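Chain letters run A, B, ... following the sequence lines, proteins first, then strands; residues in each count from 1. Treat the numbers as computed from the prediction; the structure is a model and nothing was measured. Heavy-atom basis, side chains included; hydrogens, waters and symmetry copies ignored.
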Amino acid sequence: MRLPRSFYAQPTRRLAKALLGCRLVRSLDGQRAAGVIVETEAYIGETDLACHARAGRTARTEVMYSHPGLAYVYFTYGLHWMLNVVSERDDYPAAVLIRAIEPVEGVALMQAARGQRPIGDLTNGPAKVCQALRIDRASNGVDLTDARSSLWIEADRTVPTRSILSGPRIGLGSTPEPWLSRPWRYWIKDNPFVSK
DNA sequence: AGCACGATTAACT
DNA sequence: GTTAATCGTGCTC
């Protein structure tokens, strides 16, 4: 079952933790490719200087200001796509970055999209997830709660609180403190598919 | 109109 | 550990 909009309309850090253990599903030519979310990061509002919304409302960030439950997909480093899910409420720009999933369905489909890499190297990073599931600009703004969309999230495993670890977000470069060190990255303890 | 840089990855040494 | 790849975005001139 597709998770409803009410699931996404919660505080971003809470959503980032709640997404762990959920199943990210992509429908490709009628076939399912899916994985359990094992690592996420929260990006929260215009005051979070690591969040793209620090620049305010622009063409790029517009999706983050829209409804919770939409996909915010952006391009970076000249070649990579990143998938986020919009959180909170309308007109408040925040989202959760999907950093890694554990492949569980359509592994061959994902390997075909990733140059036949071994399962352990298939989706253990945010750009790898997008490449494996063929997510690019065409998925930006897609509604994950709309029954017609080919991308959505389902409830799956229950992850006990004691198995959720947190730490600083990755790749923030010259982002100033305190944002650089905020422990807004979450992952499932001991899961081998968390990014390196 | 031009420019510096990025929520990364893979292939190097 | 280091670095090239590669281009959209937001900021400065």
Can you check whether A:Tyr43 stacks with the B:dA7 base, using ring centres under 5.5 Å and planes within 30°? yes
Find the distance [X]:[atom1] to [N]:[atom2] and express it as a whole number of Å.
| X | N | atom1 | atom2 | value |
| --- | --- | --- | --- | --- |
| A:His80 | C:dA4 | NE2 | P | 15 Å |
| A:Leu49 | B:dC5 | CG | C1' | 16 Å |
| A:Asn140 | C:dG8 | CG | C1' | 12 Å |
| A:Trp179 | B:dG6 | CH2 | C1' | 20 Å |
| A:Met82 | C:dG8 | CE | C1' | 13 Å |
| A:Leu180 | B:dG6 | CG | P | 12 Å |
| A:Ile170 | B:dG6 | CD1 | P | 15 Å |
| A:Tyr77 | B:dA4 | OH | P | 17 Å |

By nearest-nucleotide position on DNA chain C, the 5'-leaning member of A:Leu79 and A:Arg137 is A:Leu79
Shared hydrophobic cluster, A:Leu165 / A:Leu97 (ILVMFWY, side-chain heavy atoms < 4.5 Å): no
I'd like to know if A:Tyr43 and A:Ile135 are part of one continuous hydrophobic network [Ile/Leu/Val/Met/Phe/Trp/Tyr, side-chain heavy atoms within less than 4.5 Å]. no
Ignoring hydrogens and geometry, is there a side-chain-to-backbone donor-acceptor pair from A:Glu41 to A:Ile170 under 3.5 Å? yes
Give [X] one of three labels, base, sugar-phosphate or nothing, depending on what nucleic acid heavy atoms sit under 4.0 Å from its own.
| X | result |
| --- | --- |
| A:Ser174 | sugar-phosphate |
| A:Leu97 | base |
| A:Arg185 | nothing |
| A:Gly171 | sugar-phosphate |

Contacts to DNA chain B from residues 51-75 of chain A, heavy-atom cutoff under 4.0 Å, which residues? A:His52, A:Tyr74
Between C:dT3 and B:dC5, how far apart are the two C1' atoms, rounded to whole Å? 16 Å
Spacing of the P atoms in B:dG2 and C:dT6 (rounded, Å): 22 Å
[N] OP1/OP2 closer than 4.0 Å to side-chain N/O of [X]:
| X | N | answer |
| --- | --- | --- |
| A:Arg117 | B:dT9 | no |
| A:Arg169 | B:dG6 | no |
| A:Lys128 | B:dA10 | yes |

State plainly whether the residues A:Asp143 and A:Arg148 are in salt-bridge range, i.e. N to O under 4.0 Å. no
Looking at A:Arg32 and A:Glu105, is there a salt bridge between them, counting it only when a charged N and a carboxylate O are closer than 4.0 Å? yes
Relative to each other, are the rings of A:Phe75 and A:Trp81 parallel, tilted or perpendicular (30° and 60° limits)? tilted
Any strand, both distances under 3.5 Å, Watson-Crick or G-U wobble: C:dT6 pairs with none
Who pairs with B:dA7 - Watson-Crick or G-U, where each distance is under 3.5 Å: none
Assess the side chains of A:Arg2 and A:Thr145: does a donor N or O sit below 3.5 Å from an acceptor N or O? no
Side-chain heavy-atom pair A:Leu83, A:Leu151 within 4.5 angstrom cut-off: yes
Measure from the side-chain heavy atoms of A:Ala127 and tell me the nearest of B:dA10, C:dG8, B:dT8. B:dT8
